[in-house]
Amino acid sequence: MSFEKLGLIKPLLSAISELGYEHPTTIQKRAIPLVLAKSDIFATAQTGTGKTAAFGLPILQRLRKTDARADRAVKAVILSPTRELSIQIFEDLDNFAKYMKVECAVLVGGKDIISQQKVLKKGVDIIIATPGRFLEHVERGLDIKSIEVLVLDEADRMLDMGFTKDIRKIHPLLPKRHQTLLFSATYSDKVRRLSKLVLKSPAFIETSKKNSTVDTINQVAYLVDTDRKAELLAYLIGSRNYPQVLVFTRTKVSANELFVELQKDGLKCGLIHGDISQAKRLKTLKEFKEMKVRVLVATDIASRGLDIEELPYVINYELPSVPEDYVHRVGRTGRAGRNGEAISLIDIYEKFDIKEIEVVIGQKIPQETVDGFEPDPTIRRKDQDEIKLKAEHKKPDKKKVRQYNKNTTGMLTKRTAKKRKTTKRDPK
Ligand code: AMP
C-alpha cells in the first residue's frame, strides 16, 4: 500500500516523501480515505502510530479543495491537551503543507493573546490550540462559522486534564455540519460519553491493542534501593553511553531533586514540569532535540505528545501513579517501527505498582538487577510487613479489571483470561 493509493495529492506526496515516509502506517491507511470522504471518526491510537499525519494530511487536502482560499476563514481546528503537543502538531502540519498555500496558527496559553489575535487577523486556515485558549479567542470574537473540521487529539488526556467543560462549550458554537475526528489512546467511559455528544455516525478505527505497549519496545525493570536510584541512573547513562534519555519522575519535587543530582554527576540535563515556564520548557525541549541536553527529566505532563525523533531510551525513575500513564510514557520510544528501550527503576515499594501495570498492558515486564546495585535485603526486611499490608490493601479491584478488560480489545481480554487460567492451574 502506498500513499498515492490513498488518494493524496502531489504536493502532499512530495512533502511526506521528503520527510522519509515511504509507506502509510495502519492508522493512516484507515483514516485518510475516511477523512477525505468527510466521515466522522472515533480512533483509538497511541502517540507514535503516525496519527498526526492520519488526520493532518487529509485535512490539508480537503482544505485545498475548497475554493474559499481568498477569504482565509478558519476551516479546521485541532484541539490538543498541552502546549507542547499543539506546537508539535503545528510543526508537523507545517512540514506536510510545504508545497501548499495553507496557513496554520498555534494558539496556546502562556503566550500573549494580543499577538495571537494579530496573527489571526492576517487570516489562517487551520488553528491548533489548547481548548481553554481557543475558547478565549472565540469569546473575543474569533469567527468560527466556516469551520468544517474539528479534531480532538488525545481526547482522553484532555478530559483527564479538566477540559471537558471547555469542549462542551466549544462544540455547540461550531457550524452544525462539520466533521469531527476524535483520537484517544484509551477508551474510557469519559471518552465514550464525549464521543456520543460530538460524533455523528462515526467510523471506528482501532489500530493498536488498547493500553498495550508498542511491540518494538524492549521493556525491563531494574530492582534497586530507593536511595540508590539516582546513582544507578547516572551509572546506566554513563556506562552504556546513552546519548539521549528521557527520564520520568512521579512528582515535580523528585524531578527537581533528580535534576540537581544528575547535574552534580556532570550530566547535561533539562527539566520539564508544570511549574516551569512555557518559554523555558520549549527552550529545553529544543535543546534536547538538538542533543545539547543529554538527559531530559520530566513529569507526566511531558509524557504525551512530545515527538522526539528516534528517541531510543525512556527511563522511569519512578513508576507513574496511574498505570495507564506507563503506556504513554514508554510510547516516547520505539516510534513508527523503530526499536526502543524502556527501563523502569523500581524499589521495593513499587513492586506492587509494576504488577498493576502488567495487568493493564497484558504483558510481563522482566525484573533484573544491575551488578553492584542489588537491593540490600537486610535494611528492607523490617519494611516487608508494611509493604505486604499495602499490597493487600491495594489488591486490584477484580470488578474494575473485568470491566476494564471488557472495554478493551478481545486480544487483551483473551490474554488476561489465559493468564487467569494458567494461574489457576499452577498452584505456585
Ligand atoms: P505521531 O504518532 O503522529 O506522533 O507520529 C510518530 C512519529 O512517526 C513521528 O516522528 C512521525 O514523523 C513519524 N511517522 C508518521 N507517519 C510515518 C510514516 N508513514 N512513515 C515513517 N514515519 C512516520
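Start at 1 and go down the list; that is how both ligands and their atoms are numbered.
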Under a 4.0 Å N-O cut-off, is there an ion pair linking [X] with [Y]?
X	Y	result
R157	D160	no
E287	R294	no
K355	E358	no
R133	D166	no
D125	K75	no

Looking only at distances, please establish whether an N/O atom of ligand 1 is found under 3.5 Å from an N/O atom of Q28.
->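 By distance alone, the answer is yes.
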Nitrogen or oxygen atoms of G20 and ligand 1 under 3.5 Å apart |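 No, G20 has no N/O under 3.5 Å of an N/O on ligand 1.
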Considering F96, Y21, F3, which one's heavy-atom position lies nearest to atom 15 (C) of ligand 1?
->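 The nearest heavy atom belongs to Y21.
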The one among T52, L19, I27, N95 that brings a heavy atom closest to atom 3 (O) of ligand 1 =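 Considering heavy atoms of T52, L19, I27, N95, the nearest to atom 3 (O) of ligand 1 sits in T52.
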Those atoms of ligand 1 less than 4.0 Å from some heavy atom in H23 |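 In order of number, 18 (C), 19 (N), 20 (N).
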